[in-house]
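Both backbone and side-chain heavy atoms feed into the values below; hydrogens, waters and symmetry mates do not. Index from 1, following the sequence. Keep in mind that what you see is a predicted model, and the values were worked out from it rather than measured. Read the numbers this way: they start at 1 and go in the same order the structure lists the ligands and their atoms.
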Amino acid sequence: MAPMGIRLSPLGLTVFCLLGLGVLYHLYSGFLAGRFALFVLGEQGERAGGGPDAAPGSLPEGPVDLRELLAVSVLAAAKGGEEVRRVRESNALNEKAKGKTREGAEEKMTRGDVLSNRKMFYLLKDAFPGVQINTEEHIDAPDKETISWDRSIPEDIKKKIQSKNVPAESVTVWIDPLDATQEYTENLRQYVTTMVCVAVNGEPVIGVIHKPFSGYTAWAMVDGGSNVKARASYNEKTPRIIVSRSHAGKVEQVARQTFGNKTVIIPAGGAGYKVLALLDVPDKKQEKADVYIHVTYIKKWDICAGNAVLKALGGHMTTLTGEEISYTGSDGNEGGLLASINVNHKALIDKLPDLEKASRK
Ligand SMILES: Nc1ncnc2c1ncn2[C@@H]1O[C@H](COP(=O)(O)O)[C@@H](OP(=O)(O)O)[C@H]1O
Ligand SMILES: [Mg+2]
């Protein structure tokens with residue numbers, strides 16, 4: 001006699017057990033499917049910004065040679081740059097607003113951004129299909145372009161850099177197909193760059209910054225080599241500070257409060273341009289600065305290449321509180337930026353309490 005007066009026959013008991021097993025199986029498989037969907041959609045979607053790389057199934061495969069990745073990154077920056085220049089010279093920019101920044105500035109996109117993005121993305125994707133690529137602009141799958149890499153490595157890279165394999169799944173590539181879009185639309189060509197960055201386990205390792213209108217390219221690999229170097233000296237006491245001209249926030253006011261009124265502030269476009277301002281760059285139109293500060297939100301494709309180049313040369317790019325920036329996962333950097341080389345970075349951080357607060361306003 002079962003409790004509460006219900007009596008089950010052996011057949012009833014078997015049916016009951018089978019039903020129970022069925023329910024358990026259903027629940028468990030649903031849970032697994034849910035976890036799988038979360039992994040595919042959540043992880044990949046967040047990382048790829050919605051481009052075709054977000055499609056499930058593009059799984060990492062085999063090791064990746066960082067020297068090859070550097071070579072194709074330099075080529076991609078140059079090929080993207082050709083598009084940027086061609087569109088600017090045609091004067092048919094097809095300028096569009098793609099949204100607003102948190103501070104309410106219009107975020108622009110042009111045909112230069114789109115065409116450069118397409119070239120850079122498909123060249124890198126063709127060369128390294130198993131690698132995660134995060135790019136600033138959306139890629140429409142029907143727009144696919146096949147661009148093959150001939151696997152040749154430029155002589156200067158061959159001379160300076162050794163082959164080094166890392167697992168494909170440890171790599172995240174960040175593409176900025178046109179940095180300083182605002183200035184591009186204003187025809188302030190000197191500020192414009194195309195950039196590629198390679199992060200390994202979130203650490204910036206390879207940086208390429210290319211100027212399409214002068215043809216200059218800076219590249220560097222952490223623990224590898226570079227084609228660019230730091231300047232001979234920097235002014236630490238009253239540094240010349242390079243800042244954004246179109247997303248400045250409170251940076252000028254607070255920089256003066258911190259370093260005094262004598263401090264020279266240089267407003268300029270482009271995160272790539274501003275990192276190059278800290279280095280020894282043989283380009284007449286390149287201004288020079290001692291420190292680069294940014295206080296508003298900024299995206300990782302804007303800063304990763306500059307971070308890698310500075311790191312490779314012994315410099316630093318951190319948040320305003322001195323934290324390293326991790327180049328995996330979400331595409332935004334919340335804590336502002338302080339970039340320097342051959343100065344006491346920690347001492348600068350300690351001087352900047354007000355800037356950190358300003359970035360939160
Ligand atoms: N508050 C903000 N929100 C979003 N993007 C920002 C930003 N501040 C700067 N950026 C982006 O960072 C890059 C450098 O900014 P700036 O020239 O102002 O120093 C620009 O990239 P893009 O031109 O690639 O869009 C700009 O759009
Ligand atoms: Mg940018």
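A side-chain donor-acceptor contact under 3.5 Å links K211 and Q286. A donor and an acceptor atom, one from each side chain of H247 and T296, are nowhere located under 3.5 Å apart. Between the side chains of N134 and Q132, at least one donor N or O sits under 3.5 Å from an acceptor N or O.
Counting backbone and side-chain atoms alike, D176 contributes an N/O/S atom closer than 2.8 Å to the Mg ion (ligand 2).
Distance NZ/K299 to CD/E136: 7.0 Å, rounded to 0.5 Å.
Of the protein's heavy atoms, H247 CE1, 3.5 Å lies nearest to atom 26 (C) of ligand 1. Scanning all protein heavy atoms for the shortest distance to atom 17 (O) of ligand 1 gives G270 N, 2.6 Å. If you check which protein heavy atom lies closest to atom 25 (O) of ligand 1, you get E136 OE2, 3.2 Å. Protein heavy atom in closest approach to atom 14 (C) of ligand 1: A271 N, 3.5 Å.
Within 6.0 Å of the NZ atom in K288, the count of heavy atoms belonging to other residues, nucleotides or ligands exceeds 12. Dense packing is recorded around NZ of K311, with more than 12 heavy atoms of other residues, nucleotides or ligands lying under 6.0 Å away. By the 6.0 Å contact criterion, CG on D223 is open, its count of non-hydrogen atoms from other residues, nucleotides or ligands being 12 or less.
Proximity to D179 (heavy-atom distance under 4.0 Å) selects the following atoms of ligand 1: 13 (C), 14 (C), 20 (C), 21 (O), 22 (P), 23 (O), 24 (O). Using a 4.0 Å cut-off to heavy atoms of D176, the atoms of ligand 1 that qualify are 24 (O).
Put simply, no part of R102 is less than 4.0 Å from ligand 1, judged by heavy atoms. Within the 4.0 Å heavy-atom cutoff, V243 does not count among the residues contacting ligand 1.
In this structure, D179 contributes its side chain and A271 its backbone to a donor-acceptor pair below 3.5 Å.
Under the 4.5 Å side-chain heavy-atom criterion for Ile, Leu, Val, Met, Phe, Trp and Tyr, V295 and Y273 are members of the same hydrophobic cluster.
For ligand 1, the polar-atom distance check against I298 finds no nitrogen or oxygen pair separated by under 3.5 Å. Residue contacts with ligand 1: E183 is placed with no nitrogen or oxygen under 3.5 Å of a nitrogen or oxygen of the ligand (distance criterion only). Considering both main-chain and side-chain atoms, Q182 never comes within under 3.5 Å of ligand 1 through any nitrogen or oxygen pair. Between T101 and ligand 1, no pair of N/O atoms sits closer than 3.5 Å.
Relative to atom 7 (C) of ligand 1, the option among Y297, W301, Y184 with the closest non-hydrogen atom is Y297.
Under 4.0 Å from ligand 1, not a single heavy atom of K299 appears.
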